[in-house]
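Structure first, commentary second.
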Amino acid sequence: MKKQPDILAKEICKGDLESYELFFRLEFDNIVYFVNGYLHDPDLAKDIAQESLLTLWEKRGIIDPEKNLRAFLYTIAKNRAINELKTRSSSVNSISINEIKANLNALMDDSLGEELETLELKQLIDSTIRNLPDTVRGSFIMSRKLGMTNKEIANAKNMSLTGVEYHMKISLNILRKKLKEFLIFFQGWMLFFLYNS
Amino acid sequence: MDQDYILKIIKGECPSDERERFFERLSSDKALMQEYARLKNKYVINTLPYSPGINTLLSKRQPKFRVVQVFTKIAAALFIPLLAWSIYNLIQERNNAGNVQNSITSYEPGTGVRYEVNKGIKAMLTLPDSTIIWLNSGSYLDVPKNFTKDNRIVYLSGEGYFDVESDKKSPFLIMTPKSILVKVTGTQFNLSCYENDKNMKLTLLKGSLELIKKNDKDTISVKPNEEVIINYKTLEDKLDTTIDTKYATAWKEGSLRFIDSPMDEVVRKMERWFGIQITVDNPDIYKQTFTADFDSESVTQVLNLLEISTNISHEIKGNRVRLSMSSK
């Protein structure tokens with residue numbers, strides 16, 4: 001089954017349980033980790049993760065498949081986490097009231113959305129590189145990962161300099177294309193506040 | 001206030017009284033509150049347990065590398081399979097500068113670097129000669145300190161898919177359990193040599209290679225689309241010229257495949273793939289064979305299918321699975 005986010009989102013909105021299950025298993029651990037980072041309560045984090053994913057399924061009819069499904073999920077989880085912290089500000093738990101206030105503020109800060117978007121971008125770049133054609137990928141990794149000059153790569157691979165330059169041209173074109181798609185598809189994380197509790 | 005200090009607080013590296021004093025300060029210091037929010041979000045999001053991929057790929061050009069430097073900068077992309085109950089690993093509040101790196105352990109015992117891939121995950125790495133190796137669960141690869149493009153030798157235990165950079169002057173050597181040596185110049189092949197398996201299996205996709213048994217003057221030459229199986233007990237070899245290479249390399253694409261596979265092989269493969277422990281109640285189970293093709297199914301789904309097609313039932317407790325013959 002293809003794991004491309006746009007296809008997965010469309011299938012889930014249509015009600016395909018298999019796609020949803022795949023999405024569930026891709027994201028569950030990360031949501032737990034995410035929520036726990038602010039609440040410092042693993043059991044609660046697990047509950048919130050499950051509830052958020054369930055809510056996403058329940059709301060599948062009103063989700064726009066053209067928009068970023070993961071962003072939506074994180075928004076649900078974030079809002080739940082915010083609610084938890086708000087209701088706990090009057091009782092002392094594993095973290096102090098002052099820390100609760102600080103984490104609450106962090107969750108509501110713009111930088112959260114920005115970090116998530118950057119993460120998405122990083123993952124896209126990594127997977128694009130992994131999926132480069134075999135012949136081209138080696139040159140690209142040697143250039144950007146190992147910091148070799150094109151000449152050094154040509155020597156190491158027993159290739160012509162123009163050959164290496166051609167490899168670089170191809171890989172950069174592929175990356176550019178993917179990045180363009182990203183910018184069009186993922187329209188930014190700040191646009192989601194569909195869920196309120 | 002120092003960014004490093006705030007980061008220490010976020011990571012939980014400060015004693016609780018210091019911590020409390022810090023958060024008290026935040027309520028009256030708006031700038032500090034903002035700084036904390038920024039760093040907190042950065043930290044949490046960047047330590048989420050997604051497969052990290054090759055992290056610093058598009059960072060600034062690094063200085064000209066020397067062999068020693070390269071060893072410490074080899075990238076490993078980890079593919080984490082979809083197993084919901086592995087979260088017990090993640091919830092533990094460890095120092096998480098890349099908790100995913102806990103699953104690939106590398107050490108330098110003076111002679112080189114070992115890349116060890118735990119059960120339940122796979123890894124990919126690139127060697128200094130730009131050979132790319134995918135490692136399957138439960139494998140390890142030893143790369144000696146003096147590995148250079150003129151001296152290419154590694155040791156593999158487990159399963160790996162190799163995309164070896166072509167260099168006719170300097171062949172690439174892979175030592176495997178039972179001292180069976182694989183010699184290649186430029187090739188793509190899949191090598192399965194788990195120490196607890198009955199056989200070693202090598203499937204060649206492109207190029208050419210030779211297998212050299214210890215104390216064997218004859219070498220086994222292999223051509224593309226051929227497969228060699230060497231029995232670890234008898235060291236007898238068998239060359240198969242009509243094989244489906246996709247079956248051998250399915251793991252790399254994330255597929256778990258069984259084609260009339262005997263149950264002992266199924267059990268071992270599932271243990272490695274999912275990172276679980278399987279105990280078999282009834283030895284009759286081993287007499288059965290199983291055929292199936294899994295892409296991203298969970299353990300439960302695989303076990304359910306097993307039950308439907310073979311009458312082998314299961315019981316799951318944590319990451320332990322017990323198989324028994326169903327009386328239906």
Side-chain angles (χ1 to χ4, degrees), chain A residues 1 3 21-22 24-26 28-30 32-34 36-38 40 42-43 45-46 49 95-103 105-109 111-112 114-116 118-119 122-123 125-127 129-130 134 137-149 152-153 156-158 175, chain B residues 19-20 22-27 33-34 36-38 40-65 70 73 75 77 80 82-84 86-87 90-93 99 124 126 128-132 149 163 165-167 188 295-296 298:
Chain A
M1 169 173 288
K3 291 181 195 167
E21 216 188 304
L22 183 60
F24 188 105
R25 281 183 287 118
L26 280 168
F28 182 75
D29 294 349
N30 296 288
V32 174
Y33 190 94
F34 167 64
N36 189 54
Y38 300 89
H40 294 288
D43 289 324
K46 245 197 282 184
I95 53 175
S96 68
I97 295 176
N98 285 320
E99 185 167 351
I100 288 176
K101 282 201 195 140
N103 286 349
N105 181 58
L107 277 171
M108 298 192 285
D109 194 73
S111 60
L112 183 56
E114 287 164 15
E115 290 295 337
L116 281 163
T118 308
L119 177 71
K122 266 195 217 159
Q123 292 179 340
I125 291 170
D126 289 340
S127 81
I129 289 164
R130 254 184 279 139
D134 290 348
R137 185 180 56 234
S139 304
F140 186 79
I141 289 176
M142 287 173 112
S143 170
R144 294 301 195 263
K145 173 73 192 141
L146 302 178
M148 294 166 77
T149 63
E152 286 165 350
I153 298 172
K157 291 179 91 175
N158 218 9
L175 268 164
Chain B
R19 209 180 161 76
E20 184 43 42
F22 173 82
F23 285 113
E24 263 177 47
R25 253 192 82 170
L26 283 193
S27 8
M33 180 69 117
Q34 173 70 6
Y36 171 79
R38 227 180 35 86
K40 176 76 172 170
N41 290 336
K42 202 180 191 75
Y43 179 75
V44 173
I45 299 306
N46 285 305
T47 52
L48 287 178
Y50 285 107
S51 5
I54 308 166
N55 280 325
T56 55
L57 213 47
L58 297 186
S59 61
K60 287 171 274 187
R61 282 279 185 100
Q62 287 159 2
K64 197 167 176 177
F65 71 97
V70 164
K73 283 174 188 167
I80 303 176
L82 316 169
L83 187 59
S86 64
I87 59 172
L90 310 169
I91 293 182
Q92 282 158 42
E93 308 245 52
N99 62 342
M124 179 186 107
T126 310
D129 68 335
S130 85
T131 290
I132 302 175
K149 61 178 173 68
D163 185 345
E165 266 301 298
S166 180
D167 186 347
Q188 283 177 27
D295 222 331
S296 46
S298 65

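Residue numbers start from 1 in every chain, and the chains themselves are labelled A, B, ... in the order their sequence lines are given, proteins ahead of strands. Both backbone and side-chain heavy atoms feed into the values below; hydrogens, waters and symmetry mates do not. Please read all numbers here as calculations on a predicted model, not as lab measurements.
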Test side chain to side chain contact (heavy atoms under 4.5 Å, CB included) on B/Gln188 and A/Asp134; report intermediate values, then the result.
CA-CA 11 Å; B/Gln188 283 177 27; A/Asp134 290 348; 3.5 Å; yes
Non-hydrogen atoms of chain A under 4.5 Å away: do they reach the side chain of B/Glu24, the backbone, both or neither?
both
Start with the C-alpha distance between B/Leu26 and A/Lys101, add both sets of side-chain angles, then the distance that settles side chain to side chain contact (heavy atoms under 4.5 Å, CB included), and finish with yes or no.
CA-CA 9 Å; B/Leu26 283 193; A/Lys101 282 201 195 140; over 6 Å; no
Greatest number of heavy atom pairs closer than 4.5 Å to chain B - which of A/Ser127, A/Gly138, A/Ala102
A/Ala102
I'd like to know which of B/Glu20, B/Arg38, B/Lys42 tops the heavy-atom pair count under 4.5 Å against chain A.
B/Lys42
Part of B/Asp163 within contact of chain A (heavy atom distance under 4.5 Å)
side chain
Could you list the residues that satisfy salt bridge (charged side-chain N to carboxylate O under 4.0 Å, His left out) with B/Asp129, not counting sequence neighbours?
B/Arg152
Of all heavy-atom pairs linking B/Ser27 and A/Asn98, the shortest is OG-OD1, 3.6 Å
Identify, with sequence neighbours excluded, every residue that meets ring pair (Phe, Tyr, Trp, His ring centres under 6.0 Å) alongside A/Tyr38.
A/Phe34
Interchain contact, B/Arg25 with chain A, by part (heavy-atom threshold 4.5 Å):
neither
